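Below, chains carry the letters A, B, ... as their sequence lines are ordered, and counting in each starts from 1. A quick note: this is a predicted structure, and the numbers were derived from the prediction, not measured.
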Protein chains: 2
Amino acid sequence: MPTELKKKTATLSDIAEAAGVAAMTVSRVVSGVGYVSESTRERVLKALKDHNFRRNGLARGLKRRSTETVGLVLGDISNPYSTELARGVRETLLSRGFNLFICISDAGETEDTQAFKSLAEHSVDGIIVATRSNKGGDKYLRELVETNVPVVALGRDLEHRHVDLVGTDNFKGGFVATEHLIERGHKRIAFLGANLSVGSQLKRLQGYVAALEENAIAVDDELVVGHGDDNVGGYSTEEIGFEGMKRLLSLKNRPTAVFARNDFTAIGAMRAISDAGLSIPKDVAVVGFDDIPMAARMSPSLTTVRQPMRLQGEIAATMLLDRITSKTPIRRRQRVLDCELIVRESSSE
Amino acid sequence: MPTELKKKTATLSDIAEAAGVAAMTVSRVVSGVGYVSESTRERVLKALKDHNFRRNGLARGLKRRSTETVGLVLGDISNPYSTELARGVRETLLSRGFNLFICISDAGETEDTQAFKSLAEHSVDGIIVATRSNKGGDKYLRELVETNVPVVALGRDLEHRHVDLVGTDNFKGGFVATEHLIERGHKRIAFLGANLSVGSQLKRLQGYVAALEENAIAVDDELVVGHGDDNVGGYSTEEIGFEGMKRLLSLKNRPTAVFARNDFTAIGAMRAISDAGLSIPKDVAVVGFDDIPMAARMSPSLTTVRQPMRLQGEIAATMLLDRITSKTPIRRRQRVLDCELIVRESSSE
DNA sequence: TTATTGTATGTTAGCGTTAACATATTCCTA
DNA sequence: TAGGAATATGTTAACGCTAACATACAATAA
């Protein structure tokens, strides 16, 4: 025999036989439910240990019609806020005895659908979706909802009477960030990284526009630069900020302040400003969005809009658990969380 | 009735009844295996669509003893290379018809074990581990391996005759990075972020030491600064670089070059150097490790050691699939990938 | 004493799927 | 035209687990 025989995984019946009891008794010991005498329990526990028993979640799930598992679908993971969000979700789930499986989908409809499908087929008890909305994926998700799979949308929308929503007040975020710059005396304020195909981005832009209008500043289309329909995440948006800022700086009448759609984009913009030999915030003030850890530690440190990512994860998980444990259907609920302007050096000396 | 009734998920038997065939025939249509006449297939397909059928992966997995699913356990996800790694794994798996579930564990033994356990209980066909090694987690993993669960370790070790290894040549990376600095004329070269409890970090440090010794430069303990047993990921290591560099700069005989354990740490170091009014690379040269996208885009751009993260993911996935599909046990295999020095501005003008 | 409740176990059946086997029926080929 | 192969379908029995029910004995209450 060239290689060692490996142990076959033991089943409840195997343990039962070894301990001289019925399989059901072992099941009771393992799941800690029902009556088992102390002496029997000890005997069974020993057998479990001896045989290295691990229960078969498939069989268990099949019978119980619940796997106590939740799926989280993320678009971009290389992003500090994805981490925070996942942490919030996971901690809440764990404290309620649920497990978390994460799927990544960063390449559009097919992948989204693929991810949802694989989660659904593995009978997760519910799904938290934090990817960008797209037609094919949304369609599939709605089908899942129709067949009783609890779904919560995080940082995005999914129109359905049984899907909950958690998000940040992006409009307000855009508004206060822009207002802050206006208060500092800026009139030519650019918006960097506009991507109208993403709901949250659109809201931030709308907040920006509203703040300008409220202060009787005309919106200059030239100052709203975006990347059309870019589909990149995390760090990659730094490049968008860099390129966009270069374009802005090359304008005859360049902006004196810029509001970037997220912190990475802002960081890219700061780099472009430094490269051009200009000073922040003297020549150009910068405000970002998200408050990633790095924002506080740059020099100059970055003024930004903080959104409570972990809290969003916690709330989404709680909502999902509500749906999972509720016997009766729950109507759509929406939680829009407040966000907070964190003023640092990049916008004020 | 206050809320709408929702559809019950249809089973093979439901479809079979609707189409007037046996459940087995429906199964054949769904999985595309075995003989089914064209007319029957069409009838079944229609019924499947009408009833919105989704197959029950639990039952399927239970019967087939395979879920065609793989688990990837990551420590820190907010890290560009985790993304790349996951991408490599996922693409390879998808192309072979497997699904990927990711678990995050960033808080030590209990969480590691928890993650492994939940994957194992859900009967994934194999596990790729990319977390830091720790006693409790490793013990549990070995138990899994003993009960036939295929495991591949990525970027870390797990001693077991049936566990494959994929990693980068960290020793060489540390060596070439240090050698490069020596070639540039540096004699006082610091190592920043030493964490001896992590295998890969240790190897990088050893490479650093070896390069110094080969060039007859004594290792100065003062220049090896670390964080003992820190347990932080991604961005947080930027802080370690910042603090460590401040300490180094305060030495009476400060280093003229520094090799940081990863790019984030290097970025932190660069910040400390700039803050001290010193110039990079004139006063202090900096070399990082990983080549995250941002490294190329900073100013000055960061010299670093590139490791092929996506490739590592692909190889790990391939090795795991080998194990999953092989009928006979496979002996431990190890793939140590080469890494490459990318010279940029932070170490040469 | 007898009924009542609590404790401790066992038995049965079925969750939804598919491997393995059993039939039919058709189609060649020798 | 017999007989083997290919095609098309159905039946049965698990996979490993637990809900639901059944039983048995103890301890307590009336």
Side-chain angles (χ1 to χ4, degrees), chain A residues 7-45 47-48 51-69 120-125 147-149 327, chain B residues 7-45 47-48 51-69 120-125 147-149 327:
Chain A
K7 301 171 204 154
K8 192 77 210 59
T9 50
T11 69
L12 283 186
S13 318
D14 296 336
I15 306 298
E17 194 179 353
V21 295
M24 193 60 218
T25 303
V26 183
S27 172
R28 291 196 180 98
V29 172
V30 172
S31 53
V33 176
Y35 294 118
V36 180
S37 73
E38 202 43 54
S39 61
T40 307
R41 159 167 287 115
E42 269 167 35
R43 208 147 26 95
V44 171
L45 282 176
L48 287 171
H51 290 73
N52 221 295
F53 176 79
R54 194 174 351 112
R55 81 177 160 204
N56 185 320
L58 299 184
R60 183 176 151 90
L62 179 59
K63 175 67 186 174
R64 304 191 59 219
R65 323 186 131 271
S66 155
T67 52
E68 267 145 35
T69 297
E121 290 198 345
H122 284 275
S123 304
V124 293
D125 290 342
T147 49
N148 271 326
V149 179
K327 310 127 290 306
Chain B
K7 301 171 205 156
K8 193 75 210 61
T9 50
T11 69
L12 283 187
S13 318
D14 297 337
I15 306 298
E17 195 179 352
V21 294
M24 193 59 218
T25 302
V26 183
S27 172
R28 292 198 179 97
V29 172
V30 171
S31 53
V33 175
Y35 294 118
V36 180
S37 73
E38 201 44 53
S39 62
T40 307
R41 159 167 287 116
E42 270 166 35
R43 205 146 30 94
V44 171
L45 282 176
L48 287 170
H51 290 74
N52 221 294
F53 175 80
R54 194 174 349 111
R55 77 177 162 204
N56 184 321
L58 299 183
R60 184 176 151 89
L62 179 59
K63 177 64 188 175
R64 304 191 59 218
R65 324 186 127 271
S66 155
T67 52
E68 266 144 36
T69 297
E121 291 199 345
H122 284 275
S123 304
V124 292
D125 290 342
T147 49
N148 271 327
V149 180
K327 311 126 289 305

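Residue E17(B) qualifies as open at atom CD: its count of foreign heavy atoms under 6.0 Å is 12 or below.
For S27(B) and dT18(C), the shortest distance from a side-chain N or O to OP1 or OP2 is below 4.0 Å. A close approach under 4.0 Å does not occur between any side-chain nitrogen or oxygen of S13(A) and OP1 or OP2 of dG16(D). For the pair T25(A) and dG10(C), the criterion of a side-chain N or O lying under 4.0 Å from OP1 or OP2 is met. Look at S37(A) and you'll find a side-chain N or O under 4.0 angstrom from OP1 or OP2 of dT9(C).
Backbone-only contact: V21(A) has heavy atoms under 4.0 Å from sugar-phosphate atoms and none from a base. At the heavy-atom level, T40(A) lies under 4.0 Å from the strands shown only through sugar-phosphate atoms.
Going from atom CD of E17(A) over to atom C1' of dG16(D) covers 15 Å, rounded to whole Å. Atom CZ of R28(B) and atom P of dT7(D) are 14 Å apart (whole Å). A straight line from CG of L12(A) to P of dG10(C) spans 13 Å, rounded to a whole angstrom. Between H122(A) atom NE2 and dT17(C) atom C1' the separation is 14 Å, expressed in whole Å. When rounded to the nearest whole Å, the span between CE of M24(A) and P of dA22(D) equals 15 Å. The separation between Y35(B) atom OH and dC21(C) atom C1' is 16 Å, rounded to whole Å. To the nearest angstrom, P of dT7(D) lies 14 Å from CD of E38(B).
With rounding to the nearest 0.5 angstrom, the OG1 atom of T11(B) is 13.0 Å from the CZ atom of R54(B). In this structure, NZ in K63(B) is found 14.5 Å from CG in N56(B), a value given to the nearest 0.5 Å.
With axes fitted over five pairs at each extremity, the angle between the ends of the helix from dT1(C)-dA30(D) to dA30(C)-dT1(D) is 40° (10° resolution).
Applying a 4.0 Å cut-off to non-hydrogen atoms, the residues of residues 55-67 of chain A that approach DNA chain D are R55(A), N56(A), A59(A), R60(A), K63(A), R64(A), listed by residue number.
Between the side chain of T147(A) and the backbone N or O of T9(B), no donor-acceptor pair lies under 3.5 Å.
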